[in-house]
Peer 1: 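Here it is: the structure, laid out below.
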There are 2 protein chains.
Amino acid sequence: MAGTILIVEDEPAIAELIDLTLKRNGHQTICAGSVEEAIRLIDHALPDLALIDWMLPGASGIELIKRLRSNKRTQSMPIIMLTAKADEADKLAGLDTGADDYVTKPFSPKELVARIKAVLRRRAPQLTDDIVETNGLRVDPTQHRVSLNGETVHMGPSEFRLLHFFMTHPERVHTRTQLLDQVWGDHVFVEDRTVDVHIRRLRQTLERSGHDDYIQTIRGAGYRFSKP
Amino acid sequence: MAGTILIVEDEPAIAELIDLTLKRNGHQTICAGSVEEAIRLIDHALPDLALIDWMLPGASGIELIKRLRSNKRTQSMPIIMLTAKADEADKLAGLDTGADDYVTKPFSPKELVARIKAVLRRRAPQLTDDIVETNGLRVDPTQHRVSLNGETVHMGPSEFRLLHFFMTHPERVHTRTQLLDQVWGDHVFVEDRTVDVHIRRLRQTLERSGHDDYIQTIRGAGYRFSKP
DNA sequence: TTATATTATGACTATTTTGTTACAGAAGCA
DNA sequence: TGCTTCTGTAACAAAATAGTCATAATATAA
């Protein structure tokens with residue numbers, strides 16, 4: 001399980017506990033002690049998920065979530081709320097505001113990790129380490145390895161990410177711009193047409209086993225990964 | 001859910017809030033600070049929906065709506081009023097004038113989005129991503145795929161949009177000009193007769209499953225999608 | 001039924017979109 | 001550093017699609 005996680009928590013002890021837990025589970029972490037710091041960090045680099053404490057000095061966690069949700073760049077960032085209150089009303093308010101899940105303090109590291117995993121699986125399946133397989137075409141994110149009917153093939157990092165994204169989001173059209181955002185990442189400025197070239201390279205690699213026609217051109221719209 | 005939305009609001013803070021909210025929901029936006037600017041923008045490119053503030057400097061929002069409703073090109077544009085007053089009388093006046101719905105300030109982004117969605121679903125269903133199916137003929141905008149009794153068929157982008165429009169607006173006659181406006185887009189300069197050709201191509205594609213006679217010629221008027 | 005208006009159809013060309021290749025610079029690696 | 005691999009871009013080729021026209025077919029009204 002990869003992914004950079006932003007921890008927004010003002011109590012250092014708790015922040016550190018979470019930090020250690022996540023690092024042990026293979027995540028990168030960034031820590032912020034306040035909403036302002038969080039915003040600054042996010043502005044600098046978009047994390048793959050944010051863990052936000054409900055009670056924060058100054059603007060509350062809810063405020064932060066609202067703010068993130070109203071900005072295009074951060075609108076789809078997976079968010080988990082941390083709350084000391086087991087109160088149903090608060091929980092609902094949090095989910096209503098746009099959090100993907102919440103964790104009630106005190107929580108076990110195990111629970112936290114499980115919830116993060118669940119949210120990532122739902123919101124950003126390409127960030128999980130799950131092996132994806134479709135009809136002999138197999139992608140193993142952990143080993144960074146692709147195999148066609150058992151035979152390992154090599155491809156460049158971009159092609160790998162592209163294929164992985166396709167396989168974790170099959171059966172729907174992705175415009176070139178969407179692909180750039182999702183696969184190349186936030187903040188990158190490359191030509192739309194570059195996607196075509198990587199599609200070409202990916203197809204070329206998949207040709208050997210005939211999987212190349214899983215990657216379909218939808219004229220005027222983009223590309224789709226789907227059974228031929 | 002796609003669609004371009006025009007925001008007519010003189011207070012920059014509110015305008016920006018709305019702008020962000022809509023963008024995060026996948027809409028394109030155009031902003032106008034006054035009625036005059038709004039008219040200019042609309043003249044340039046017809047939005048799919050207009051959000052109009054009740055209180056505007058100079059001519060009021062109501063004036064703008066009246067004006068839009070009395071112009072053939074803009075008369076069917078979905079309109080949502082923004083009003084600070086929860087006053088029933090004003091609300092009724094707004095609806096009476098021709099707004100499709102109204103939102104009272106202060107409003108939550110969630111509410112705004114929900115109302116926009118509702119209005120679009122009612123007034124411009126082809127802008128939603130809902131799957132449409134009629135008797136084995138199925139159009140899935142997300143997948144960008146058409147199937148006849150389960151079997152995927154191919155068609156060009158124009159035919160796809162045409163079919164999608166027909167299926168989201170069945171049982172009524174559309175003139176060639178209306179089809180050009182709705183399917184090809186506002187401001188395009190093509191012959192009316194071009195529609196015939198695309199109708200022909202679409203019918204040809206649907207022939208295989210006999211769905212072609214869902215597309216009916218109404219002599220002297222236009223075309224209609226309806227059960228044979 | 002005939003004349004007329006309207007639509008259907010097929011063919012053709014222009015335009016748009018995508019595929020493919022080559023290449024130069026960047027980045028990683030030993 | 002020198003080598004290899006990878007990337008993005010540009011240029012050209014190929015393919016798909018769009019729009020128009022000419023002509024045939026069809027419906028409608030007189």
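Keep in mind that what you see is a predicted model, and the values were worked out from it rather than measured. The chains referred to below are lettered A, B, ... by the order of the sequence lines, with proteins before strands, and numbering in each begins at 1.
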Peer 1: Taking any heavy-atom pair under 4.0 Å as a contact, classify B:T194: base, sugar-phosphate, or nothing.
Peer 2: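 Answer is base: heavy atoms of B:T194 come under 4.0 Å of a base.
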
Peer 1: Taking B:R123 first and then B:D48, would you say they form a salt bridge - that is, a charged N and a carboxylate O separated by under 4.0 Å?
Peer 2: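 No, no charged N to carboxylate O under 4.0 Å.
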
Peer 1: Which is more 5' along DNA chain C, the nucleotide nearest B:R201 or the one nearest B:R176? Just name the residue.
Peer 2: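 It is B:R176 whose nearest nucleotide is closer to the 5' end.
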
Peer 1: Could you state the CG-C1' distance from A:L202 to D:dC6, rounded to the nearest angstrom?
Peer 2: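 Atom-to-atom, A:L202 to D:dC6, this comes out as 15 Å.
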
Peer 1: So that I can tick it off, tell me whether B:R67 and B:E63 are bridged by a salt bridge, with the cut-off set at under 4.0 angstrom between side-chain N and carboxylate O.
Peer 2: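 The answer is no: the pair does not qualify as a salt bridge.
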
Peer 1: Only one of A:D53, A:I39, A:I79 passes side chain to side chain contact (heavy atoms under 4.5 Å, CB included) with A:L64; say which it is.
Peer 2: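 Looking at A:D53, A:I39, A:I79, the match for A:L64 under the side chain to side chain contact (heavy atoms under 4.5 Å, CB included) is A:I39.
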
Peer 1: Between B:R176 and B:D196, is there a salt bridge with N-O shorter than 4.0 Å?
Peer 2: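 Looking at B:D196 and B:R176, the cut-off is met.
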
Peer 1: So does A:Y223 get a side-chain nitrogen or oxygen closer than 4.0 Å to the phosphate oxygens (OP1/OP2) of C:dT17?
Peer 2: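 The answer is no; no side-chain N or O of A:Y223 sits under 4.0 Å from OP1 or OP2.
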
Peer 1: For B:R203 and D:dA25, give me the distance from atom CZ to atom C1', rounded to whole Å.
Peer 2: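 Rounding to the nearest Å, CZ of B:R203 and C1' of D:dA25 are 13 Å apart.
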
Peer 1: What's the NE2-C1' distance between B:H198 and D:dT17, to the nearest Å?
Peer 2: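 After rounding, the gap between these two atoms is 8 Å.
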
Peer 1: Over how many whole Å does the gap from B:W184 atom CH2 to D:dA18 atom P extend?
Peer 2: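 The distance from CH2 of B:W184 to P of D:dA18 comes to 8 Å, rounded to the nearest Å.
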
Peer 1: Measure from the side-chain heavy atoms of A:P157 and tell me the nearest of D:dT17, C:dA8, D:dC6.
Peer 2: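 Of all the options, the side chain of A:P157 is nearest to D:dC6.
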
Peer 1: Establish, with yes or no, whether the OP1 or OP2 oxygen of D:dC21 is under 4.0 angstrom from a side-chain nitrogen or oxygen of B:R193.
Peer 2: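 No, because none of the side-chain N or O atoms of B:R193 sits under 4.0 Å from OP1 or OP2 of D:dC21.
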
Peer 1: In whole angstroms, how far is the P atom of D:dT26 from the CD atom of B:Q216?
Peer 2: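 These atoms are roughly 18 Å apart.
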
Peer 1: Give the rounded distance in Å between these two atoms: CD1 of A:I199 and P of C:dT17.
Peer 2: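 Result: 18 Å.
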
Peer 1: Go through B:E111 and B:R115 one step at a time and tell me if the salt bridge (Lys or Arg N to Asp or Glu O under 4.0 Å) criterion holds.
Peer 2: CA-CA 6 Å; B:E111 181 191 356; B:R115 290 199 183 266; 3.1 Å; yes

Peer 1: Can you check whether A:T217 has a side-chain N or O nearer than 4.0 Å to OP1 or OP2 of C:dT17?
Peer 2: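 No, A:T217 has no side-chain N/O under 4.0 Å of OP1/OP2 on C:dT17.
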
Peer 1: Given D:dT17, is OP1 or OP2 found less than 4.0 Å from the side-chain N or O atoms of B:S158?
Peer 2: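 No.
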
Peer 1: Calculate the interatomic distance between B:R219 atom CZ and D:dA27 atom P; express it in whole Å.
Peer 2: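 B:R219 atom CZ is separated from D:dA27 atom P by 8 Å.
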
Peer 1: Using whole Å, what does the distance between atom C1' of nucleotide D:dT20 and atom CZ of B:F189 come to?
Peer 2: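 For the pair B:F189 CZ and D:dT20 C1', the rounded distance is 11 Å.
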
